[in-house]
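What you are looking at is a predicted structure, and each value in this text was computed from that prediction instead of being measured. In the text below, chain A, chain B and the rest are named by the order of the sequence lines, each starting its count at 1. Values below: every heavy atom of this structure, side chains too, minus hydrogens, waters and symmetry copies.
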Amino acid sequence: MSNTHPKSELIVPSASTFDPINLESEILQLCLQFPNGVSNKILENSFPNITLEQRVNAINRLLALHKIDLLTSSTEPGTYIYRIRDQINKSNSSISIGNEITDPMERTVYQIVEESGNLGIWMRDIRFKVKLSPTILNKILKSLESKKLIKAVKSVHANKKKVYMLYELTPDPSITGGTWYSDQEFEAEFVRILNEQCARLLDERREESIEKFPNDPFLQRTSSFMSSSELVSVINQMGISTVTLTVQDIESILYTLICDGKIEKMIVASTTMNANGTKQNLYKSIKSMIDSAPIVRNPCGICPIFNDCHDEGLITPKTCIYLNKWLNF
Amino acid sequence: MTTHHIRLAFDLMGDLFPDETSKEVASYLNRKGPLPFALLVRDLNIPAVNIARSLATLAIHDIIECHEDARTNSKRILYAFNLKRTLYILHYSKCIHCARQLYGFDGELIIEELLLNGKQRMSTLLVTVYERLIKAGKDPQIHSLQSIKESFKLLVSAQFLQRITINETKSNISTVVEESLTNLVQIPEITQEGWKYLLSSQQDESNEPSTKKFKSTKLIFGDEKIFWKVNFQRFFAYLRDQELIQAFTNRIDQNAGEIVRTILRLTEVKPSPERTIPISFIEIAKTMATAGLQMNEDLLQKYINLIMDDVNNCVVKVGDQGRGTYIVDFQKALSGLTKAHIQSFLRERFGSNALRIYNMLEERGCLSQKQIEDMAMINAKEAQQYVYSMFIDGMLTLEELSKANDFNPTRTFYFFRVNLYNGVLSLLDHSYKTMSNLMQRHQFERERHRKLIDKRDKVDAIIHSLREQNGEEEQIKEVEDILSPMEKEQIQKLDAAFRKIDLAQLQLTETILLLEMYLSISNSTAPVQKKTGSKAVAEKLLETTVQR
Ligand code: SF4
């Protein structure tokens, strides 16, 4: 965000006959007149002596600065409309959000928060930088929050830890925890389902390939591999997840499956599938070496009170209820 | 050795040597270390004759070893208890089972007799086995002394039996000498007259045991000083091979299992605990063909390529002669199999998420609690629980790295790490205790239902003798009815329970065997030392960054 920087920075050197800043503010003014949005047509009519390129540049600039929003038109499908974004700004027609802060203390704090980007900043760290007393700082932050200039985001790392960042920013995945978190809660169930689905897909692939090549162990093996990108597209199509999963997301799920001992991974140089020469991760489901260790086939192997079980006393093999059940007594 | 080992060892001994003296002598020796005979007599409140007798029996079984006192120059003989050997008793039933599969009924009985008696001469052994065969109602036409001897020969040439001779050069102690390899497979020739005698005793099928007869007559059989004992290492190796074959079958398919079986069979009788001798592709192909397995060389090569990639890469290509030579690296094989057992144990005992954490730690080296939570993709709280319960069970080790040297918890990093060696020790201990628990329960139920069992045995005996005398059906029925329906039902239940326990124990010995073999082969890889101090912190941080 650079809205508090001097305006001169925004000037595009190539444009000498017109002032881009002027154009931008004029467009904004126009948007303010039409709170329901301005279509391309209106723009064209309003600024007849501006080239298309200049207009697009100006609009892109405004979009990048989050001054306006790009929406699809509801009345005329296929066209776009531009709408003023910030409700506060509507009233005083200022194009710079930061400028509207009059209180110098608020301004400093705002700048500090702004610097922290989408990683956010702790209240404690703000205090170190501005050397204000906690109560005052709190008040300032509250006021900024109420103006919807900054927001507090709870970090997934520690429940009580809040970080502050500019209102319009999307927090970094490391703060929210990425795909696997919603409302700072880890979605174990979601992960579990994805884990199972991946395992199932790979299992099916394995069985298919055994059927396809009954007499060739080598082909059986190679054709049971699936690449992570292949898995991503299948999983996304299944519609398990409301958000679209990325390859990274699925790879971290697949990593858990590897650790579960259900699949194995092979890295190969990419084939024709995507010929940009990168490495590709292939996965394949595997079978375990043993069905189950003999020790877990009797109650003592999995007994929760194993360490409390002795020859004599309350817990002893002689009277043990687990053994009773196992032996049908 | 933990208390569980010791406990189990004495329980096992109690089963094999029911007399109290043996147990007492053994446990005293276990506590005190090697002792001379005189001290044993002094300390234990048991008549010297009895002590001597049990020492002798136990020594025959190698459970007690005697050797000269090395410290003093006196010719005192010390007796020492061999706990490890005692625990071999666990595997007796597996060995017997294995002998039956390989060498039929004759082989089974030979091994069983030897296990029961420790060491024996061939001539004695042949006779006892023959008698037992006849008693078991086998056809004397098929099972003769000659046929038993053949089985014996096979067992010897496959090195399942070990030949020992008595060395009498030292006057006061008769040491047994395990013979060198060349002699090992030689079978003593039984003298003409001895063999004739044996055959004659075979013909008169008298009921009185013929052993007694030839003890009184001082016949020379020609194998007076040559004894035989079961070669446990060979059996263990065989059992290990079976596990390995099974693993390949599970992982790839039946054919792969057969190929591995062929490789292992070809390399069977030049045992080294670490690896097999190299074997060439051509040899494998030839043997496969003679064994009647249809497989062209192309396919075989494909399979072998797959096999090399599996079960911890334990089949290794070592050369190109004969279209590629291969060995089996048992160290790798065993650690692969052991890992599989540990993993299965963890999955069932703590849940699959715990297994996930374990494997992750194994792959990444060492991780802090926080890293574990992030990577395992499970709830932080759950992850904590899994980590700590595995830690308590000795599956994970904790490393503390302090920035300063005061180990202030706030300034200390805690890392968890997986150490296979420790894990094996812990699982082994668990297995031994489980074994012990099952035995206890078995014992307890037997005691509790002693009366009922005795009654049933009596009834069975009567029915058996009635059948022998061609008693009438009605009579038999009458005897059967001595047991009330209630009792019958209970007996059935009891039998089922005993069978279940036995089976569980038998299966458990497989794990125990593998783990023990793993430990013995990887003695060099002792657990890593815990590194501490700031230097170690630096190292650790380096290590983790490299891994990322
Ligand atoms: S005997 Fe019962 S209480 Fe004891 S370890 Fe076995 S199952 Fe657990």
Subject >> Residue among B:K339, B:K433, B:K302 with most heavy-atom pairs under 4.5 Å to chain A >> reply: B:K433
Subject >> Donor-acceptor contact present, side-chain B:D309 to main-chain B:L306, <3.5 Å >> reply: no
Subject >> Side-chain heavy atoms of A:V113 within contact of A:L166, under 4.5 Å >> reply: yes
Subject >> Region of B:D429 in contact with chain A, defined by heavy-atom distances below 4.5 Å >> reply: neither
Subject >> Proximal component of A:I295, with respect to chain B [non-hydrogen, under 4.5 Å] >> reply: both
Subject >> Portion of B:Q246 that has a non-hydrogen atom of chain A nearer than 4.5 angstrom >> reply: backbone
**OP:** Tell me, for A:D311 versus chain B, whether the close heavy atoms (under 4.5 Å) come from the side chain, the backbone, both or neither.
**Re:** both
Original post:
Which residue out of B:R441, B:E445, B:Q507 racks up the most heavy-atom pairs below 4.5 Å with chain A?
Top reply: B:R441
**OP:** Select one option (side chain, backbone, both, neither) describing which atoms of A:N298 are under 4.5 Å from chain B's heavy atoms.
**Re:** side chain
**OP:** May I ask you to test the A:N195-A:D260 pair for a side-chain heavy-atom distance under 4.5 Å?
**Re:** yes
Subject >> Charged N-O contact under 4.0 Å between B:E489 and B:K493 >> reply: no
Original post:
Which atoms of B:L438 come close to chain A, meaning under 4.5 Å heavy atom to heavy atom: side chain ones, backbone ones, both, or neither?
Top reply: side chain
**OP:** Salt-bridge test for A:K318 and B:E447: reply yes if a basic N is under 4.0 Å from a carboxylate O, no otherwise.
**Re:** no
**OP:** Return the option, out of A:S292, A:G301, A:S288, A:C309, with the maximum number of heavy-atom pairs under 4.5 Å with chain B.
**Re:** A:G301
Subject >> Note: A:E264-A:R221 ion pair, threshold 4.0 Å (strictly below) >> reply: yes
**OP:** Would you mind reporting whether B:M435 and B:T509 have side-chain heavy atoms less than 4.5 Å apart?
**Re:** yes
**OP:** Can you tell which part of B:E382 gets under 4.5 Å to a heavy atom of chain A, answering side chain, backbone, both or neither?
**Re:** neither
**OP:** Please state whether the side chain, the backbone, both or neither of B:N305 comes within less than 4.5 Å of a heavy atom of chain A.
**Re:** neither
**OP:** Please state whether the side chain, the backbone, both or neither of B:S352 comes within less than 4.5 Å of a heavy atom of chain A.
**Re:** backbone
**OP:** Run the salt-bridge test on B:R240 and B:E243 with the 4.0 Å N-O cut-off and return the result as yes or no.
**Re:** no
**OP:** Answer whether the closest heavy-atom distance between the side chains of B:L494 and B:I453 falls below 4.5 Å.
**Re:** yes
Original post:
With chain A, which of B:R347, B:R7, B:M377 has the greatest number of heavy-atom pairs at distances under 4.5 Å?
Top reply: B:M377
**OP:** Look at A:I302, A:T256, A:V191 and state which one has the largest set of heavy-atom pairs under 4.5 Å with chain B.
**Re:** A:T256
**OP:** Please look at B:M375 and chain A and tell me whether the side chain, the backbone, both or neither of the residue comes under 4.5 angstrom of a heavy atom of that chain.
**Re:** both
**OP:** Check whether any side-chain heavy atom of B:I501 lies under 4.5 Å from a side-chain heavy atom of A:W326, and answer yes or no.
**Re:** yes
**OP:** Sort B:A376 into side chain, backbone, both or neither according to what part of it lies under 4.5 angstrom from a heavy atom of chain A.
**Re:** backbone
**OP:** State, yes or no, whether a side-chain contact exists between B:F345 and B:T511 at a heavy-atom distance under 4.5 Å.
**Re:** no
Subject >> Pick from B:E348, B:E362, B:Q490, B:E510 with the largest number of heavy-atom pairs that fall under 4.5 Å of chain A >> reply: B:E348
